[in-house]
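Heads up, the thing below is written out as structure tokens.
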Protein chains: 2
Amino acid sequence: MRRVTIKDVAAAAGVSIGTASKALNGQGKLRAETRDRVAQAAERLGFAPNPLAQALLTGRSYTVGLITTDSFGRFSIPVMLGAEDALGAGLISVFMCDTRDDPDRERRYIEMLTARRVDGLIVTGRRIEPRLAVRADPSIPVVYAMTQPEGEGAAVLPDDEGGGRIAAEHLLAIGRRRVAHITGPERFLAARLRARGFQAALGAAGVEPCGAARFGEWSERWGREAAGQSLADRPDAIFCGSDQIARGVADTLRAVGRRIPEDVALVGFDNWAPMALGALPPLSSVDMSLEEVGRVAAEHLLAAIGGDRLGGVHKVASQLVVRESSGA
Amino acid sequence: MRRVTIKDVAAAAGVSIGTASKALNGQGKLRAETRDRVAQAAERLGFAPNPLAQALLTGRSYTVGLITTDSFGRFSIPVMLGAEDALGAGLISVFMCDTRDDPDRERRYIEMLTARRVDGLIVTGRRIEPRLAVRADPSIPVVYAMTQPEGEGAAVLPDDEGGGRIAAEHLLAIGRRRVAHITGPERFLAARLRARGFQAALGAAGVEPCGAARFGEWSERWGREAAGQSLADRPDAIFCGSDQIARGVADTLRAVGRRIPEDVALVGFDNWAPMALGALPPLSSVDMSLEEVGRVAAEHLLAAIGGDRLGGVHKVASQLVVRESSGA
DNA sequence: CCTATCTAGGAAAAGCTATTCCTTGAATGG
DNA sequence: CCATTCAAGGAATAGCTTTTCCTAGATAGG
């Protein structure tokens, strides 16, 4: 049960194999009648060109490598889905590569992908600080999604600073003036950016932050603990650096009898559905639109593959999803 | 900057290209000195064979398709990581395919993968009921991971029934005799299996379940609600069908002043780290070893690619992770 | 010394497609 | 009527590797 090749199509249509190729690709000078005959033969035989042969000949494989450094964690998944979606629409297949932050694995993957003649690379993963740029054949375009490479390199990032800003603006808009901030480790760039956007928005409204930003961990435990400390400042709203933190905060508030949102409004970050929806009450949260980040990254990559020069950093706007923890 | 081909190696070593190939692959009859010369030339030039050409010629591409029906959700991710891990060790690359449960997308992916001459397929995804078998070229082996196909087909599944059993056995072992069960929708095969294993283990110990199994949703909200109902039965332990349900249950127990685990012990299901660890207190939970499921599926696939006949259904044992919600 | 056998390695085909260059026949223009 | 141009399609090449088959030389045996 051999697969049908263009040779079979050519024979069935009574033309040479070069002619069959031209007919199917709309190239060269052929009579319309001939084109039709070839097209019908191809249809009848169920012909599909062999991508391997095409790639070998043309140098374009219609594949890209999707490299993640953090084992497709909670954040890279949506990015990767968005990317795969945008690429799939362009009929490009995706090689999945999980480097686990191991430079050696990364090197091997890059070699493999280069050997397989991928048309481009998308690199994604957790970001603490700008990551080392992937060292690949410079002729193959690379787009970073959600991570920023050192030095040069095209990147698509969520807008953490903007996310902090819209959270603050929302809390101000619903009338809160004593707004505290509890967030993750300060060594995370994302945590610093969110805090900066948050403070900038308060400052623009002439409001002082309610106590200094509390940096800690991304965990519920830290949320519970920090909320306890924060209560001394008598906040009427708390902006949390993650939904997990927000849940911890909510636990403590409930335990001491503060009502959410009447006494203290709460806004989380990540809009992680099972966390945000399962909370009591359901959490307002900033959504970084990670799928969109992936989609945009893929589009940039497609443009680069198409020959456009790659640009610098592109930020995708975050969006606030309002639920009961901050009114609504 | 052309890539170096075997032709370059052959020229550098002063042999024909066929001879170079044999030298590099350990085939044919060659003098040891010649082999070395070729090997050194290849090394010096940094030669790596073109997988496209190899695949075109031999029909083996050293790629497999990884198809998920549920957008690489929380359950398919670990499976896919385990599979990728096992395959990567075998130097096989993975095409990522997200069908979103759309038969049309699935068909297109299968076509694409077949055209690209993948050596095999792994199908994974949410499982409510046995899924329709993927209709692919019967010459290419398929292994289902975490989903079971209708009729024939090799599958690797987590052991839901065993998971229910070990949860019950653990609760019995710590002295609980009034054990209730709150779980997800009854239409999920997994929910029914867990309940069955749970009841079987109780029965084997001569213990009556504390009230009938409560089927509902996989959500915290359902956990809160069902826990309220269940309290009338005065349970001293509750086995929950998911960690989310367990968290809801914990909320209610706390709200009515029942201590965990002193008054009521709790065991969840999934061992979903952020949920289980963030809970108050941290949850004991059944871990389905999904990475292992993926790994085993990949190994089965590799065996099938290697020519072994594919077997039937293989179950991977679940494991109980004990945390504070049930003693320890 | 001649033939059979073995060794080392070369030539060529197969796997499949896209493109460049040619060829052939017809049509057009002078 | 002859030369030129154009249309239609064929032949061949490139892209890269592996394997089969073959050849040339050497060695061994009779």
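Labels below follow one simple rule: chain letters A, B, ... track the order of the sequence lines, proteins then strands, and each chain is numbered from 1. Computed over heavy atoms, backbone and side chain alike; hydrogens, waters and symmetry mates excluded.
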Problem - Which nucleotide in D/dT17, D/dG10, C/dT17 has an atom nearest any side-chain atom of B/F47 - result: D/dT17
Problem - side-chain N/O B/N25 vs D/dT18 OP1/OP2, d < 4.0 Å - result: yes
Completion exercise
DNA chain C nearest-nucleotide lookup for A/A53 and B/A20: closer to the 5′ end is B/A20
Fill in the blank from the handout: Note: for A/A48 and B/K22 on DNA chain C, the residue whose nearest nucleotide lies more 5' is B/K22
Handout entry: Whole-Å gap separating C1' (C/dT24) and CG (A/L30)
Key = 15 Å
Practice task
Go through the side-chain N and O atoms of B/T63 and B/R116 and say whether any donor and acceptor fall under 3.5 Å apart.
Solution key: no
Completion exercise
B/L24 atom CG is separated from D/dT19 atom P, nearest whole Å, by 12 Å
Problem - From D/dG9, C/dA18, C/dG9, nucleotide with atom closest to B/T19 side chain - result: C/dG9
Exercise for the section: Give a yes/no verdict on a cation-pi contact between B/R60 and B/Y62, requiring under 6.0 Å between NZ or CZ and the six-membered ring centre and an angle within 45° of the axis. Expected result: yes
Problem - Euclidean distance, atom CG of residue B/D36 to atom C1' of C/dA8 [Å, nearest integer] - result: 15 Å
Practice task
Give one of base, sugar-phosphate or nothing for A/T5, where a contact means two heavy atoms less than 4.0 Å apart.
Solution key: sugar-phosphate
Exercise for the section: Select base, sugar-phosphate, or nothing to describe what B/I17 touches, counting heavy atoms under 4.0 Å on all strands. Expected result: base
Exercise for the section: Tell me whether the OP1 or OP2 atom of D/dT18 has a side-chain N or O from B/Q54 closer than 4.0 Å. Expected result: yes
Exercise for the section: For A/L57 and C/dT19, give me the distance from atom CG to atom P, rounded to whole Å. Expected result: 7 Å
Practice task
Write down the distance between CZ (B/R117) and P (D/dT17), rounded to a whole number of angstrom.
Solution key: 19 Å
Exercise for the section: Rounded to the nearest angstrom, tell me the gap between atom CG in B/L56 and atom C1' in C/dA14. Expected result: 9 Å
Exercise for the section: Give a yes/no on whether any side-chain N or O of B/T58 is located under 4.0 angstrom from OP1 or OP2 of C/dG15. Expected result: no
Handout entry: Separation of atom CZ in B/R35 from atom P in C/dT7, rounded to whole Å
Key = 13 Å
Exercise for the section: Answer yes or no: is there an ion pair linking B/D85 with A/R100, defined by an N-O contact shorter than 4.0 Å? Expected result: yes
Exercise for the section: Calculate the interatomic distance between A/L52 atom CG and C/dG15 atom P; express it in whole Å. Expected result: 14 Å
Exercise for the section: For the residue pair A/F95 and B/F95, categorise the inter-ring angle as parallel (less than 30°), tilted (30 to 60°) or perpendicular (more than 60°). Expected result: parallel
Practice task
Respond yes when some side-chain nitrogen or oxygen of A/R31 is under 4.0 Å from OP1 or OP2 of D/dA7, and no when none is.
Solution key: no
Handout entry: Basic-acidic side-chain contact under 4.0 Å: B/E33, B/R37
Key = yes
Handout entry: B/Q27 side-chain N/O to D/dT18 phosphate OP1/OP2 under 4.0 Å
Key = no
